[in-house]
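Just so you know, these numbers come straight off a predicted model, no measurement behind them.
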Amino acid sequence: MNARLPQTPIDAEQAIGQIAVELPGATAVFRRLKLDFCCGGQVSLRQSCAGRGLELQAVVDELASLQRPTELPDTGTPNELIDHILARYHEVHRAQLPELVRMARRVEAVHRDNPHTPHGLADTLEAMERELTTHMHKEEAVLFPMLRAGGNSFVPQPIAMMRHEHNDHGEALEHIARLTNDITPPPGACNTWRALYSGLAQLRDDLINHIHLENNVLFPQFEKAAAQGGCGGGTCGCS
């Protein structure tokens, strides 16, 4: 597996609103800590923490933990790839979507009269969250344990179901792109709106890479073996 790329240090002198826009997930941290990144977004992170009596380094460390590697891993073994998918994508999707839903609801409410407002986005994201949560549970409870055990002649059936659901996720991303002018904030968009679209862009990239690793790297190893009458992954001794 590839090593994680070095993180870009969090700049305590950067405006908190800019951090919210550039670092997906930061809005949830700021909201929990009651740091105003929207109307008060021009204030530096250092000043914002001082104003709330927060320890700057603790906040910087929490923000740094949100930074994600952007490179795809080397193929590795099937078990290593599954571990990577669970940590890098399943856990991240579960953290991404609730905050995106919350921000979308706020943007739709506050800017309801703006012609560029993505009406229906929050409902779309909520539906995606439900479907993706169910999909990931199927993989974690059924498919991945089968693959970790080496696969079997029946494994193409759940894989086919996951591929079909991946197509549904792709259609949801296309719908989000239509609602948001290809995830492009309009001129004059507030920090919350811009942060929402930054998070949507990360969700899109993450989900595309997630699907790619499963469809094109992980699944074919077991589909090919099953078609040849054996198991996948080389862990069961079939030839």
Side-chain angles (χ1 to χ4, degrees), residues 1-5 24-25 68-98 100-101 124-180 182-183 198-236 238-239:
M1 307 288 283
N2 281 342
R4 182 173 176 136
L5 291 175
R68 310 293 183 186
T70 56
E71 82 283 10
L72 294 177
D74 295 330
T75 300
T77 67
N79 280 350
E80 288 175 331
L81 187 53
I82 289 170
D83 288 341
H84 174 79
I85 289 169
L86 292 173
R88 176 59 184 86
Y89 298 110
H90 284 211
E91 292 181 14
V92 171
H93 294 329
R94 288 188 172 105
Q96 287 170 319
L97 282 159
L100 292 175
V101 170
T124 298
L125 289 170
E126 277 194 339
M128 173 180 270
E129 182 181 13
R130 289 192 300 270
E131 292 165 5
L132 193 54
T133 297
T134 300
H135 174 87
M136 293 187 297
H137 176 72
K138 292 175 186 176
E139 291 185 334
E140 293 163 4
V142 179
L143 179 58
F144 287 172
M146 292 174 66
L147 301 187
R148 287 187 187 279
N152 54 52
S153 61
F154 301 104
V155 81
Q157 297 175 30
I159 286 178
M161 178 181 293
M162 295 302 99
R163 286 185 179 276
H164 176 74
E165 292 181 4
H166 287 168
N167 292 339
D168 293 339
H169 301 329
E171 292 175 3
L173 289 177
E174 291 177 2
H175 184 54
I176 288 171
R178 290 192 294 270
L179 289 174
T180 61
D182 199 22
I183 316 183
S198 178
L200 289 175
Q202 186 193 55
L203 172 67
R204 174 191 59 196
D205 293 347
D206 283 351
L207 190 52
I208 288 172
N209 286 336
H210 177 184
I211 291 171
H212 160 68
L213 285 177
E214 292 185 355
N215 278 2
N216 302 323
V217 182
L218 179 63
F219 294 167
Q221 299 178 59
F222 294 89
E223 292 168 318
K224 180 179 179 181
Q228 293 172 344
C231 299
T235 60
C236 67
C238 291
S239 59

Partner residues of Arg130 under the salt bridge (Lys or Arg N to Asp or Glu O under 4.0 Å) criterion, sequence neighbours left out: none

side-chain contact (heavy atoms from CB on, under 4.5 Å) filter on Ser198, not counting sequence neighbours, yields Pro24

Nearest-0.5 Å distance that lies between atom CD in Glu139 and atom CD1 in Ile85: 7.5 Å

Glu174: what forms a side-chain contact (heavy atoms from CB on, under 4.5 Å) with it, not counting sequence neighbours? Arg178

Separation of Met128 CE from Leu100 CG (nearest 0.5 Å): 10.0 Å

His169-His210 side chain donor-acceptor pair, cut-off 3.5 Å: no

When rounded to the nearest 0.5 angstrom, what is the spacing between CD in Glu214 and OH in Tyr89? 10.0 Å

Drop me the distance from Arg148's CZ to Phe144's CZ, to the nearest 0.5 angstrom. 8.0 Å

Listed by chain and number, what are the side-chain hydrogen bond (donor to acceptor under 3.5 Å, both in side chains) partners of Arg204, not counting sequence neighbours? none

Contacts of type salt bridge (Lys or Arg N to Asp or Glu O under 4.0 Å), residue Glu91, not counting sequence neighbours: none

Mind checking side-chain contact (heavy atoms from CB on, under 4.5 Å) for Pro98 and listing every partner two or more places apart, or none if nothing turns up? Glu129

Could you grab the distance from atom CG of Leu173 to atom CD1 of Ile211, nearest 0.5 Å is fine? 6.5 Å

With no hydrogens and no angle check, do the side chains of Glu140 and His137 hold a donor and an acceptor under 3.5 Å apart? no

Do we see a donor-acceptor contact under 3.5 Å between the side chains of His135 and His166? yes

Taking the side chain from Arg94 and the backbone from Thr133, do they hold a donor-acceptor pair closer than 3.5 Å? no

Which atom names give the shortest non-hydrogen contact between Phe154 and Asn152, and what distance separates them? N-OD1, 2.8 Å

Under the side chain to side chain contact (heavy atoms under 4.5 Å, CB included) rule, what do Ile159 and Leu143 come out as? Steps first, then yes or no, please. CA-CA 7 Å; Ile159 286 178; Leu143 179 58; 3.8 Å; yes

Between the CD1 atom in Ile176 and the CG atom in Leu207, the distance rounded to the nearest 0.5 Å is 9.0 Å

Where do Val217 and Gln221 come nearest, in terms of heavy atoms and distance? O-NE2, 3.0 Å

